[in-house]
Amino acid sequence: MVLPLILCVVLSTAHCAVQDYGAYDPVRDAFLPGSFPDSFIWSTSTSAYQIEGAWNVDSKGESIWDRFSHTPGKVDCGDTGDVACDSYNKYREDVQLMKAMGLKYYRFSLSWTRILPDGTVAGGVNQDGVDYYNNVINELIANDITPMVTLYHWDLPQALQDRYGGWVNETMVQLYHDYVSFAFKSFGDRVKLWLTFNDSKIVCNNGYLTGQHAPGIQDRSQLSSYLCGHNILKAHAKAWHTYNTTFRASQDGKVGITVSLDWAEPRDPDLPADVAAADYYMQVSNSQFAHPIYVNGDYPPDFKILVQKLKQALPDKNVPDFSDEEKASIRGSSDFFGLNHYTSCIVGHRDTPAGKGPLDNINITRSPEWRRAATDWLYAVPWGMRRVLKYIKETFGDPEVYITENGWSDGDVTPPVMEDTDRICYYMTYIDEVLKAIMYDKVKVRAYTAWSIMDNMEWETGYTQRFGMHCHLHGPEPASGTQAVFKVLQGHHRQQRLP
Ligand code: NOJ
């Protein structure tokens with residue numbers, strides 16, 4: 001794709017100048033003319049719970065997000081994914097949206113309970129669920145769109161939560177293995193790109209520490225969130241090895257994991273204490289999952305110190321370390337690095353910790369000059385994208401990087417935002433930084449995936465945050481629409497979904 005020409009046109013026509021988009025540094029932020037490789041993958045992304053709806057249709061089992069959203073007070077406005085974008089019924093229209101955008105790839109996730117209603121193979125396979133995903137995959141391929149499938153995007157079977165306590169229980173490693181083996185066997189003849197887990201940090205911290213996400217557990221001791229991460233790493237590695245030994249030879253696909261990395265910029269890059277604080281943030285907040293897989297099978301040094309503190313604080317509890325065998329299994333268990341990146345922060349040292357939390361010993365801020373999205377944590381910092389990509393290259397062994405998410409939200413306003421200036425600016429500037437990472441820093445970025453093709457159920461904030469390139473109006477209003485990276489880059493505005 002010839003990006004520079006398009007971007008130059010956009011720069012002059014899309015009511016958006018990089019100069020207006022946060023603090024502008026003429027060297028750092030200068031537009032880079034150049035092209036992405038022909039083989040570069042352009043994609044958009046969704047997840048099952050956020051778009052499918054049909055939460056209890058055709059024998060689908062209940063997931064923890066079904067239960068959570070049906071519990072009063074858990075999701076803004078009482079929103080649920082019961083209908084969402086109705087992609088269970090409208091998947092063909094979704095595919096047409098992609099086709100209209102010229103997309104050749106699509107990242108989506110499987111709903112575990114649509115396939116295995118109680119989460120286990122022994123409990124029975126739901127053929128309707130298998131048929132649904134076969135239909136989606138076949139429809140994509142018939143339209144020349146390659147599927148990229150996430151096996152776990154946060155919607156654990158409720159039955160496994162009830163029976164085992166979910167990810168805090170090591171039994172989940174085998175149960176997840178059985179589920180993904182079934183998925184590889186059923187869909188791997190056509191699916192060649194797999195992601196085991198989407199952003200496990202959120203799964204564990206929001207699900208088992210703060211309780212903002214399903215299953216809503218608030219264990220402030222941090223034991224549950226630690227066990228959750230520990231088991232997910234083991235489950236990921238086991239899944240990768242199973243693919244590697246049992247399916248790779250016949251299916252010839254790739255299996256990775258998606259981790260979420262913000263960029264932490266030192267408050268004063270010339271002050272060693274601030275540089276150390278930013279590095280601490282990158283280790284503790286960002287590398288719990290990436291370091292074991294891409295470096296040495298174990299947590300990064302500063303995270304290990306936190307584990308020691310957890311052991312001291314909970315002497316009666318079992319706070320496991322990885323055995324040598326587990327480390328060997330986890331190290332190298334990925335064919336590429338899946339990256340979700342949205343935003344950055346500024347990190348400085350603190351003389352006096354603000355509390356006892358893992359990040360209370362550093363100072364985390366955002367520049368007042370950075371533009372903020374409707375979502376409270378999302379600030380536009382395009383150059384953070386390039387820095388995080390370079391960090392991955394230097395820290396995690398120069399892997400192939402698939403950007404699996406990047407995107408911008410509007411608020412839930414009436415009428416919905418259709419003149420998509422902020423989103424266009426966000427994509428334009430972030431994608432240009434990806435190009436710089438490839439051309440200047442030689443990072444092996446292979447894919448760019450925008451979140452999301454259409455507005456959808458944004459977890460605990462319901463439908464109040466709209467990340468879509470197509471406007472999806474939930475409820476009685478007309479259904480929404482279509483707009484893709486490529487068309488956004490050409491300065492088009494958001495459009496309504498197919499009628
Ligand atoms: C992270 C998650 O993977 C996705 O589900 C979510 O909607 C977006 N980022 C935006 O918050």
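Counting starts at 1 for both ligands and their atoms, in listed order.
- Between W459 and W154, the distance from one ring center to the other falls under 6.0 angstrom.
- Between the side chains of D58 and Y88, a donor-acceptor pair is found at a separation under 3.5 Å.
- Applying the 6.0 Å contact sphere to NZ of K444 captures more than 12 heavy atoms from other residues, nucleotides or ligands.
- N135 and R92 share no side-chain donor-acceptor pair at under 3.5 Å.
- In terms of heavy atoms, S334 sits closest to Y294 at OG-OH, 2.9 Å.
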List, for ligand 1, each N/O atom that has a protein N/O partner under 3.5 Å away, with both atom names and the distance.
{"from": "ligand 1", "atom 1": "3 (O)", "to": "H153", "atom 2": "NE2", "distance (Å)": "3.2"}
{"from": "ligand 1", "atom 1": "3 (O)", "to": "N198", "atom 2": "ND2", "distance (Å)": "2.8"}
{"from": "ligand 1", "atom 1": "3 (O)", "to": "E405", "atom 2": "OE1", "distance (Å)": "3.1"}
{"from": "ligand 1", "atom 1": "3 (O)", "to": "E405", "atom 2": "OE2", "distance (Å)": "2.6"}
{"from": "ligand 1", "atom 1": "5 (O)", "to": "Q50", "atom 2": "OE1", "distance (Å)": "2.7"}
{"from": "ligand 1", "atom 1": "5 (O)", "to": "H153", "atom 2": "NE2", "distance (Å)": "2.9"}
{"from": "ligand 1", "atom 1": "5 (O)", "to": "W459", "atom 2": "NE1", "distance (Å)": "2.8"}
{"from": "ligand 1", "atom 1": "7 (O)", "to": "Q50", "atom 2": "NE2", "distance (Å)": "2.9"}
{"from": "ligand 1", "atom 1": "7 (O)", "to": "W451", "atom 2": "NE1", "distance (Å)": "3.3"}
{"from": "ligand 1", "atom 1": "7 (O)", "to": "E458", "atom 2": "OE1", "distance (Å)": "2.5"}
{"from": "ligand 1", "atom 1": "9 (N)", "to": "Y342", "atom 2": "OH", "distance (Å)": "3.1"}
{"from": "ligand 1", "atom 1": "9 (N)", "to": "E405", "atom 2": "OE1", "distance (Å)": "2.9"}
{"from": "ligand 1", "atom 1": "11 (O)", "to": "E458", "atom 2": "OE2", "distance (Å)": "2.5"}

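- Under the 4.5 Å side-chain criterion, counting only non-hydrogen atoms from C-beta, Q222 is in contact with L209.
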